[in-house]
Amino acid sequence: MKRLGLLMLLLFFVVLSGCATRSISNSGYNPGGYYSRGTDNPLYKGELSEFDVLGIDAGKEITEQDILAAASAGKSRLTLRKGDSILLIQSGAMIPDQDMTASAERYFSVSVFTGVPEQGKKTNASYAKALRLAAAGAGIEKILVYWGVLESGTKNLITKSVSWVPLAGMAIPDQAQELRIRLKVALIDVKTGQWDIFVPKVFEDTAYSASLTRERSDQQQVELLKTKAYQAAIEGTLARYSR
């Protein structure tokens, strides 16, 4: 018992650390932590390009006159109010996460659309106009696209190196995971193509886990942060564009 008590007191001592990044659309647990090097999720095909979504042709030669004309267009302020209709898209996902849809439906009339990038499509091949046409055909006024990443840092506790606790060691917390979620939101006017992008509030969480509970702890963290971030993103969108 004394040894076990000592182990629990040592949980806060760090001996190693690591980090990894994954998309909110590919947020399953990977025990190796190499999220940026690939995925075992057959449904994940990568992310949408902001250039495609916003209708910006990065390969087109742009003149100073083009920039001046865009700056002088005198566009009206982009607005979004309670009750407006939106086409909700999560980059990289067939459909938006349920928590995001539920948060959006509290304020808006929501339709969903795939965020899986087209395979073999030419870069910027009128994808933005196709999205706007699809929305217009459904009588939708705005398109809301969001991207997100989960950034994790793991710290191995000193208990990870202790081997004299028989079998129970697998159930003793030996790793701390610090997880952060960052979102990026784009709002696009269907009629004009006018757009704006902002970054909502960032959320963080720390959880301790043992080898037996590692995956469950990780996924609980992911769901907790997604719920907080999605709610804040929708409320931030409403506050930003309803003024």
Side-chain angles (χ1 to χ4, degrees), residues 23-27 39 41-60 62 66 69-70 73-149 183-200 226 229-242:
S23 166
I24 58 171
S25 298
N26 185 38
S27 58
T39 176
N41 181 0
L43 299 178
Y44 182 70
K45 306 297 183 182
E47 303 291 318
L48 293 174
S49 164
E50 290 133 299
F51 290 105
D52 289 347
V53 170
L54 302 178
I56 301 172
D57 189 349
K60 177 184 176 181
I62 299 174
D66 293 331
K75 295 180 179 178
S76 59
R77 183 173 67 88
L78 198 58
T79 61
L80 183 66
R81 296 181 173 84
K82 290 183 179 180
D84 284 355
S85 57
I86 64 171
L87 187 65
L88 185 64
I89 302 172
Q90 177 176 318
S91 175
M94 285 290 295
I95 57 175
D97 286 340
Q98 178 57 38
D99 281 351
M100 182 58 133
T101 302
S103 294
E105 286 178 338
R106 292 175 57 193
Y107 303 103
F108 311 114
S109 174
V110 179
S111 297
V112 301
F113 199 78
T114 178
V116 177
E118 295 180 78
Q119 301 300 304
K121 178 185 68 64
K122 294 182 180 179
T123 303
N124 302 314
S126 301
Y127 184 74
K129 289 183 178 179
L131 280 181
R132 289 168 57 197
L133 179 61
I140 296 171
E141 303 163 0
K142 300 291 191 303
I143 300 172
L144 194 151
V145 185
Y146 65 101
W147 296 258
V149 292
L183 301 181
K184 178 169 55 179
V185 178
L187 184 66
I188 305 162
D189 184 82
V190 172
K191 290 183 179 180
T192 66
Q194 184 179 350
W195 59 268
D196 184 46
I197 292 181
F198 78 102
V199 176
K226 279 187 175 184
Y230 292 161
Q231 182 176 346
I234 292 299
E235 292 177 352
T237 299
L238 187 60
R240 183 181 181 90
Y241 300 110
S242 65

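Numbers here are sequence positions counted from 1. Predicted, not measured: the structure shown is a model, and the values here were computed from it. Side-chain atoms are counted along with the backbone in the values below, which use heavy atoms only and exclude waters and symmetry mates.
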Side-chain polar contacts of residues 184-199 - donor-acceptor pairs under 3.5 angstrom, sequence neighbours left out - could you list them?
{"unit_1": "K184", "atom_1": "NZ", "unit_2": "E50", "atom_2": "OE2", "d": "2.3"}
{"unit_1": "D189", "atom_1": "OD1", "unit_2": "K142", "atom_2": "NZ", "d": "3.4"}
{"unit_1": "D189", "atom_1": "OD2", "unit_2": "K191", "atom_2": "N", "d": "3.2"}
{"unit_1": "D189", "atom_1": "OD2", "unit_2": "T192", "atom_2": "N", "d": "2.9"}
{"unit_1": "D189", "atom_1": "OD2", "unit_2": "T192", "atom_2": "OG1", "d": "2.9"}
{"unit_1": "T192", "atom_1": "OG1", "unit_2": "Q194", "atom_2": "N", "d": "3.1"}
{"unit_1": "Q194", "atom_1": "NE2", "unit_2": "S76", "atom_2": "O", "d": "2.7"}
{"unit_1": "D196", "atom_1": "OD2", "unit_2": "R240", "atom_2": "NE", "d": "3.0"}
{"unit_1": "D196", "atom_1": "OD2", "unit_2": "R240", "atom_2": "NH2", "d": "3.2"}
{"unit_1": "D196", "atom_1": "OD2", "unit_2": "Y241", "atom_2": "OH", "d": "2.6"}

## Note on the structure
Here the pair of heavy atoms bringing P117 nearest to G46 is CD-O, 3.4 Å
### Closest contact, heavy atoms only, I24 versus Y146
CD1-CE1, 3.8 Å
Let me have the donor-acceptor pairs involving side chains of residues 101-114, under 3.5 Å, with sequence neighbours excluded, atom names and distances please.
{"unit_1": "T101", "atom_1": "OG1", "unit_2": "D97", "atom_2": "O", "d": "3.4"}
{"unit_1": "S103", "atom_1": "OG", "unit_2": "D99", "atom_2": "O", "d": "2.9"}
{"unit_1": "T114", "atom_1": "OG1", "unit_2": "V116", "atom_2": "N", "d": "3.1"}

Spatial distance of atom [atom1] ([X]) from atom [atom2] ([Y]) [nearest 0.5 Å]:
| X | Y | atom1 | atom2 | result |
| --- | --- | --- | --- | --- |
| D52 | L131 | CG | CG | 9.0 Å |
| L144 | I86 | CG | CD1 | 5.0 Å |
| S126 | R132 | OG | CZ | 11.0 Å |

### Query
Does a sphere of radius 6.0 Å around CG in L78 hold more than 12 heavy atoms from other residues, nucleotides or ligands, not counting ones at 6.0 Å or beyond?
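Counting other residues, nucleotides and ligands, CG of L78 exceeds 12 neighbours.
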### Query
Short question: side chain of W147, backbone of G92 - any donor-acceptor pair under 3.5 Å?
no
### Task
Report yes or no: does D84 contribute a side-chain atom to a donor-acceptor pair with the main-chain N or O of R81 at less than 3.5 Å?
yes
### Task
Go through the steps to decide whether S25 and Q90 satisfy the test side-chain contact (heavy atoms from CB on, under 4.5 Å), and finish with yes or no.
CA-CA 8 Å; S25 298; Q90 177 176 318; 2.9 Å; yes
### Message
Going by side chain to side chain donor-acceptor pair (under 3.5 Å), name the residues that satisfy it together with E47, two or more places apart in sequence or in a different chain.
### Response
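E47 satisfies side chain to side chain donor-acceptor pair (under 3.5 Å) with S23, Y44, S91 once adjacent residues are dropped.
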### Message
I'd like to check the side chain to side chain donor-acceptor pair (under 3.5 Å) partners of Q98; sequence neighbours left out, ordered by chain and number.
### Response
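Testing Q98 for side chain to side chain donor-acceptor pair (under 3.5 Å), a comparison that skips the adjacent residues, returns none.
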